[in-house]
Structures are given as C-alpha cells and as structure tokens.
2 protein chains.
Amino acid sequence: MTRFTEYDCSGGCPVEAALEQIGGKWKGVTLFHLLDGVKRFNELQRDVGGVTQRMLTKQLRELEAAGLIHREVYPVVPPKVEYSLTEKGESLRPILMALKDWGEEHVLATA
Amino acid sequence: MTRFTEYDCSGGCPVEAALEQIGGKWKGVTLFHLLDGVKRFNELQRDVGGVTQRMLTKQLRELEAAGLIHREVYPVVPPKVEYSLTEKGESLRPILMALKDWGEEHVLATA
DNA sequence: CGGAATCCCAAGCGATACTG
DNA sequence: CAGTATCGCTTGGGATTCCG
C-alpha cells in the first residue's frame with residue numbers, strides 16, 4: 001500500500017493545488033461545459049445555469065489566469081468573445097468526467 | 001462528440017454536486033491522506049499540514065455528514081478517535097489520485 | 001487527546017445598474 | 001453582446017481560549 005504520509009503537503013500539496021484551480025463555485029461546471037467546445041459568453045451563462053454575469057466573468061478571468069481556458073475577442077459590433085479550453089484545460093477532461101460520474105452516482109442518485 | 005448543453009445543471013449539476021463535497025479548503029487533502037488508512041486526529045493534523053484544530057474538526061464533521069468518512073470514538077482516557085473512509089469515500093480514490101497527478105504535472109511542476 | 005466556544009476578519013458571492 | 005462598477009450580505013476560515 002502506498003503511504004501518503006510522506007506527502008508533507010506543507011504549502012504545496014498537489015491535491016490542494018489542483019482543487020484551488022477548479023474550486024470556485026462555478027469553475028468546475030464552467031470547465032465541464034467547455035468540454036463541449038468553443039462557446040460564447042451568453043451560451044456559457046445559459047449552460048451553467050443560475051450564474052450571474054459578474055460571477056461568470058470573474059470565474060472565467062481566473063480560469064484564464066490559471067491557463068485553463070483561452071479567451072478570444074473579436075473586435076466587431078456587437079461584441080463577440082469566444083471561450084475555449086487550452087491544452088491544460090483539456091487535460092482535465094478525464095477528471096471532470098470522473099467527477100460528473102461520481103456526482104451522478106453518489107450524490108444526485110439519492111441512493 | 002457528446003454535447004453537454006443538455007445538462008441544464010439548474011440546481012443539480014453532478015460536477016457541482018461532487019465539488020461541493022470535496023470543495024472545502026482542506027477536504028480534498030484530508031480525504032487524500034485518509035486513502036492511507038485509518039488515522040487519528042493528531043495524525044491527520046500532522047499529515048495535512050497547516051490546518052488548525054477548528055478547521056480540521058469542521059471539515060471532518062462535514063465529510064462525515066456527507067457520508068464520506070467514518071468516525072469511531074473510543075470511550076477511553078485519554079480520548080481516542082479514529083477516522084477512516086467509508087465505501088463512498090473510498091470510491092473517490094481514483095479521482096483523488098487523478099487530482100494529485102494532475103496537480104503535480106500541471107501546477108507544481110512550474111512547467 | 002480531541003475537541004467545543006467565542007471572536008473576528010477577509011473572501012466569496014449575489015443583485016442591481018450602467019457602458020462600449 | 002459582453003462586460004464593468006458599486007454595494008452589501010453571507011460564508012469560510014484563522015487565533016485563541018476553555019473543557020471532558
């Protein structure tokens with residue numbers, strides 16, 4: 001059995017670090033919906049459901065700062081901004097899918 | 001390609017639900033260290049690193065309420081309490097390991 | 001040893017209104 | 001359309017002290 005006690009985690013636990021990047025209230029869901037492909041702001045807001053503009057903007061900026069998503073602005077009128085996953089963000093796909101499956105089975109299933 | 005847009009997520013997104021259960025600042029790390037096996041309070045506090053008693057207690061209670069861990073109290077003096085993963089908690093192992101790997105590779109690796 | 005109780009601050013988060 | 005600005009509530013989280 002692998003022992004994790006050696007993982008001191010003091011100030012640099014990989015699990016904690018990972019959760020920090022997807023830990024916001026809407027970050028996980030946002031990333032999840034971006035697995036779908038490129039989406040615009042309003043599309044995301046619809047998909048995520050219940051998130052306010054302010055929060056979605058904030059979370060998107062943080063995800064962008066973390067290098068998980070890419071923000072492409074088209075200088076047209078009306079404004080058009082597209083969000084997509086970076087490679088780093090795409091690498092979260094198996095984790096996000098696992099979280100979805102786990103959530104379905106162990107949380108929502110009321111079982 | 002699977003489209004997730006159908007996932008309205010309004011009030012019940014599985015990803016969000018899953019993240020809520022492991023979303024506390026120390027919950028992920030705590031669970032991670034419990035993958036190791038049964039541990040006592042002080043042992044956990046040492047392993048997690050930097051967490052205060054109050055917070056560890058709180059997170060443990062929440063994890064217990066979520067059915068992820070089991071709390072076994074031995075009525076002896078000095079007090080002895082052991083924490084372990086339930087089946088539901090154990091089912092998070094692949095996810096926690098995936099988070100650890102991802103964190104090591106994409107966050108801590110400074111790459 | 002393993003908490004519980006209290007106090008307090010900072011961050012997270014939401015509603016609303018306004019703008020290029 | 002895609003934000004920004006402002007305000008204020010609510011929560012999370014830390015330090016400290018006390019208890020069985």
Given dA11(C), is OP1 or OP2 found less than 4.0 Å from the side-chain N or O atoms of Lys25(B)?
-> no
Could you check if a side-chain atom of Met97(A) sits within less than 4.5 angstrom of a side-chain atom of Leu35(A), using non-hydrogen atoms only?
-> yes
Among the clusters formed by ILVMFWY side chains lying less than 4.5 Å apart, do Val73(A) and Leu60(A) turn up in the same one?
-> yes
Interatomic distance, Gln45(A) CD vs dA2(D) P [rounded to whole Å] | 10 Å
Which residues in residues 55-76 of chain A have at least one heavy atom lying under 4.0 Å from any atom of DNA chain C?
-> Met55(A), Gln59(A)
Test side-chain contact (heavy atoms from CB on, under 4.5 Å), reference Tyr83(B), set Lys39(B), Glu72(B), Arg71(B), Arg40(B), output is Arg71(B)
Any side-chain N or O of Tyr83(A) under 4.0 Å from OP1/OP2 of dC1(D)?
-> no
For the atom pair CD (Gln21(B)) and CG (Leu63(B)), what is the distance rounded to the nearest 0.5 Å?
-> 9.0 Å
Could a donor-acceptor pair under 3.5 angstrom be found where the side chain of Arg54(B) meets the base of dG13(D)?
-> yes
Between P of dC1(D) and CD of Glu82(A), the distance in whole Å = 14 Å
Considering just the side-chain nitrogens and oxygens of Arg40(B), establish if one lies under 4.0 Å of OP1 or OP2 belonging to dC1(C).
-> no
Minimum-distance nucleotide to Pro79(B) side chain [options: dG3(D), dG20(D), dG20(C)] = dG20(D)
Taken to the nearest whole Å, NZ/Lys39(A) to P/dA2(D) is 13 Å
Using a strict cut-off of less than 4.0 Å between a Lys/Arg side-chain nitrogen and an Asp/Glu carboxylate oxygen, indicate whether Glu90(A) and Arg93(A) qualify as a salt bridge.
-> yes
Comparing nearest nucleotides in DNA chain C, the 5'-proximal residue of the pair Lys80(B), Gln53(A) is Lys80(B)
Hey, does the side chain of Lys25(B) reach the backbone of Val51(B) with a donor-acceptor pair shorter than 3.5 angstrom?
-> no
Counting any heavy atom closer than 4.0 Å, what does Pro78(B) reach on the DNA or RNA strands: base, sugar-phosphate only, or nothing?
-> sugar-phosphate
For the atom pair CG (Leu68(B)) and CD (Glu62(B)), what is the distance rounded to the nearest 0.5 Å?
-> 11.0 Å
Interatomic distance where CD belongs to Glu43(B) and P belongs to dG3(C) [whole Å] = 13 Å
